[in-house]
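These notes concern the structure reproduced below.
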Amino acid sequence: MRTTTPNSPHISGRWRRIGSAAAATAALVLAGFGSAVQANAATTATTAAHKVSTKAIAAQVAKAHVQYTKACGATPKKGYAACNALRVTGGTTAFMEKQAALKGVAPKTIKPNAATDDPTGYGPSDIQSAYGLTDAASSNGSGETVAIVDAYDDPNAEADLATYRDYYGLSSCTTDNGCFSKVSQTGSTTSLPTADSGWAGEISLDLDMVSAACPNCNILLVEAKSASDANLGTAVNEAVKLGAKFVSNSYGGSESSSDTTYDSSYYNHPGVAITASAGDSGYGAEYPAASKYVTAVGGTKLSTSSNSRGWTESVWNTSSTEGTGSGCSSYDAKPSWQTDTGCTKRMIGDVSAVADPATGVSVYDTYGSDGTGWNTYGGTSASSPLIASVYALAGTPGSSDYPAQYPYNAAGTSALNDVTSGSNGSCSTSYFCTAKSGYDGPTGWGTPEGLAAFTAS
């Protein structure tokens, strides 16, 4: 997924904008590769696109295979959460396979802890193309704020965000221009938590995914002083207090009898779209994805295809213990809009988006031992901020609404890409862990196809 290095990030961004009406770019868009080629010249892209069929590229992409590590380490103790971010440390990603096929060369491989000059994961235009967001990402989102809630501090968050956005030709998002802000769980801009390398990677992933899906949105980063459920929940409340109508939570831990209390204390915010990662450990429920007040976001494997969409998706499942989470909550009540009959309580999830590290996303992170520059990340930590950003593109929710209901209003329509293949483990009730036509646990009602499933109207 390595691309040809442009002469400068600014040239790369200008080339994509200027070439949006050119035949080369049109050919790539039709093939499902919207923009992340980052070529030195349009003629190179044109030649490559004409030489390689979309079917041949899809076959090459299917060979993607990677090794990865958990950004936030071990399973958290009771009352704490871990981030759901997975950093690729070796192998060949789908993006690298695609680029190699376009160039007619053998794909390169990622080496552990090795710095790279170029992205090795899907970029903004890939994500926008895959989910029908290209036009909306260009015109929507101004004035909306997406909040990212994470634990600990990333000292390089703003600088790394600037590099990511500059490379892809996105507008600047800084403290000075009012687009970016970073605060503690109490709202302080100066008294911030202790820095942490693993959570810094998570933070970079979250910020970059908001930028990829909603480049016109403002971004609020709220850093909890620890990864305890109480501190993370307090950070959610602070995000809402500061005016965010879209709040992403890319973390989770085991369910407990305290969850219903956490629901009322931290996640019950009518008029705010709150998303939560479904988890990265395969079949099984985790919190806060189990909260009836949030949109629980599962994960898919996203690959290029020769179909009319240009992309195809299946349940993300790497092994019996690695894949998207899903399941029937042991404690949380079922929301009124959820009508599946196999689970009497809250069923996870609601919708989904890309999460497989092998088809992962490009992230720029320079803090700590994991901060080697360009990395590819996966996990449902990628899908949660993506879905929060889709909500933001769709506009401010109704003041008394629980936006988790919106995708259910569009269930079974063309507003969602129904994911019908794959499984994330073994379960006694088939749809809890296996994709099928219509609703299923691992992918919910599917992935976005534009904005219609994420608005009240």
Nearest atoms (heavy-atom pairs only) where [X] meets [Y]:
{"X": "Ser256", "Y": "Lys78", "answer": "CB-CE, 4.5 Å"}
{"X": "Glu255", "Y": "Ser329", "answer": "OE2-OG, 2.5 Å"}
{"X": "Gly349", "Y": "Tyr439", "answer": "O-OH, 2.6 Å"}
{"X": "Ser184", "Y": "Ser191", "answer": "CB-O, 3.4 Å"}
{"X": "Thr304", "Y": "Trp311", "answer": "CG2-CZ3, 3.7 Å"}
{"X": "Ala94", "Y": "Val61", "answer": "CB-CG1, 3.6 Å"}

Indicate whether any N or O donor in one side chain lies under 3.5 Å from an N or O acceptor in the other, for [X] and [Y].
{"X": "Ser384", "Y": "Ser248", "value": "yes"}
{"X": "Glu97", "Y": "Gln60", "value": "yes"}
{"X": "Ser362", "Y": "Tyr168", "value": "yes"}
{"X": "Thr380", "Y": "Asp280", "value": "yes"}
{"X": "Tyr266", "Y": "Ser291", "value": "no"}
{"X": "Ser188", "Y": "Thr186", "value": "no"}
{"X": "Thr447", "Y": "Asn417", "value": "yes"}

Any donor-acceptor pair under 3.5 Å linking the side chain of [X] with the backbone of [Y]?
{"X": "Asn140", "Y": "Leu393", "answer": "yes"}
{"X": "Asn231", "Y": "Asp229", "answer": "no"}
{"X": "Ser277", "Y": "Gly279", "answer": "no"}
{"X": "Thr145", "Y": "Ala244", "answer": "no"}
{"X": "Ser326", "Y": "Phe432", "answer": "yes"}
{"X": "Gln185", "Y": "Val222", "answer": "no"}
{"X": "Asp440", "Y": "Lys436", "answer": "yes"}
{"X": "Asp418", "Y": "Ser437", "answer": "no"}
{"X": "Asp160", "Y": "Thr366", "answer": "yes"}
{"X": "Ser352", "Y": "Gly298", "answer": "no"}

4.5 Å side-chain heavy-atom contact, [X] and [Y]:
{"X": "Asp356", "Y": "Thr324", "answer": "no"}
{"X": "Leu207", "Y": "Phe180", "answer": "yes"}
{"X": "Glu223", "Y": "Ile203", "answer": "yes"}
{"X": "Asp350", "Y": "Pro407", "answer": "no"}
{"X": "Thr312", "Y": "Ser303", "answer": "yes"}
{"X": "Asp365", "Y": "Arg87", "answer": "no"}
{"X": "Val146", "Y": "Pro385", "answer": "no"}
{"X": "Pro448", "Y": "Val351", "answer": "no"}

Give the intermediate values and the outcome of side-chain contact (heavy atoms from CB on, under 4.5 Å) for residues Thr89 and Ile110. CA-CA 6 Å; Thr89 58; Ile110 295 172; 6.0 Å; no

Kindly determine whether Thr359 and Tyr122 satisfy side-chain contact (heavy atoms from CB on, under 4.5 Å), including the steps that lead there. CA-CA 7 Å; Thr359 65; Tyr122 289 141; 4.0 Å; yes

Output the distance between atom [atom1] ([X]) and atom [atom2] ([Y]), rounded to the nearest 0.5 Å.
{"X": "Lys77", "Y": "Ser254", "atom1": "NZ", "atom2": "OG", "result": "12.5 Å"}
{"X": "Thr54", "Y": "Asn307", "atom1": "OG1", "atom2": "CG", "result": "8.5 Å"}
{"X": "Thr372", "Y": "Tyr364", "atom1": "OG1", "atom2": "OH", "result": "9.0 Å"}
{"X": "Ile348", "Y": "Tyr283", "atom1": "CD1", "atom2": "OH", "result": "9.5 Å"}
{"X": "Cys83", "Y": "Asn249", "atom1": "SG", "atom2": "CG", "result": "13.0 Å"}
{"X": "Ser389", "Y": "Glu144", "atom1": "OG", "atom2": "CD", "result": "11.0 Å"}

Take Lys70 and Leu86 through the test side-chain contact (heavy atoms from CB on, under 4.5 Å) and record every step on the way to the result. CA-CA 5 Å; Lys70 293 182 179 180; Leu86 302 171; 3.7 Å; yes

Taking side-chain contact (heavy atoms from CB on, under 4.5 Å) as the criterion, tell me which of Val354, Leu386, Ile148 meets it with Met209. Leu386

Lys225: what forms a salt bridge (Lys or Arg N to Asp or Glu O under 4.0 Å) with it, not counting sequence neighbours? none

Can you tell me which residue among Tyr391, Trp445, Phe246 is in a ring-ring contact (aromatic ring centres under 6.0 Å, His included) with Phe454? Tyr391

So, are Lys182 and Asp154 salt-bridged, with charged N and O less than 4.0 Å apart? no

Contacts of type side chain to side chain contact (heavy atoms under 4.5 Å, CB included), residue Ala159, not counting sequence neighbours: none

According to salt bridge (charged side-chain N to carboxylate O under 4.0 Å, His left out), does anything in residues 195-220 pair up with another residue at least two apart or in another chain? List the pairs. none

Val183/Leu242 under side-chain contact (heavy atoms from CB on, under 4.5 Å): CA gap, chis, key distance, verdict: CA-CA 10 Å; Val183 300; Leu242 293 174; 3.9 Å; yes

Determine the interplanar angle of the Tyr262 and Tyr287 rings, folded into 0 to 90°, and report it as parallel if under 30°, tilted if 30 to 60°, perpendicular if over 60°. tilted

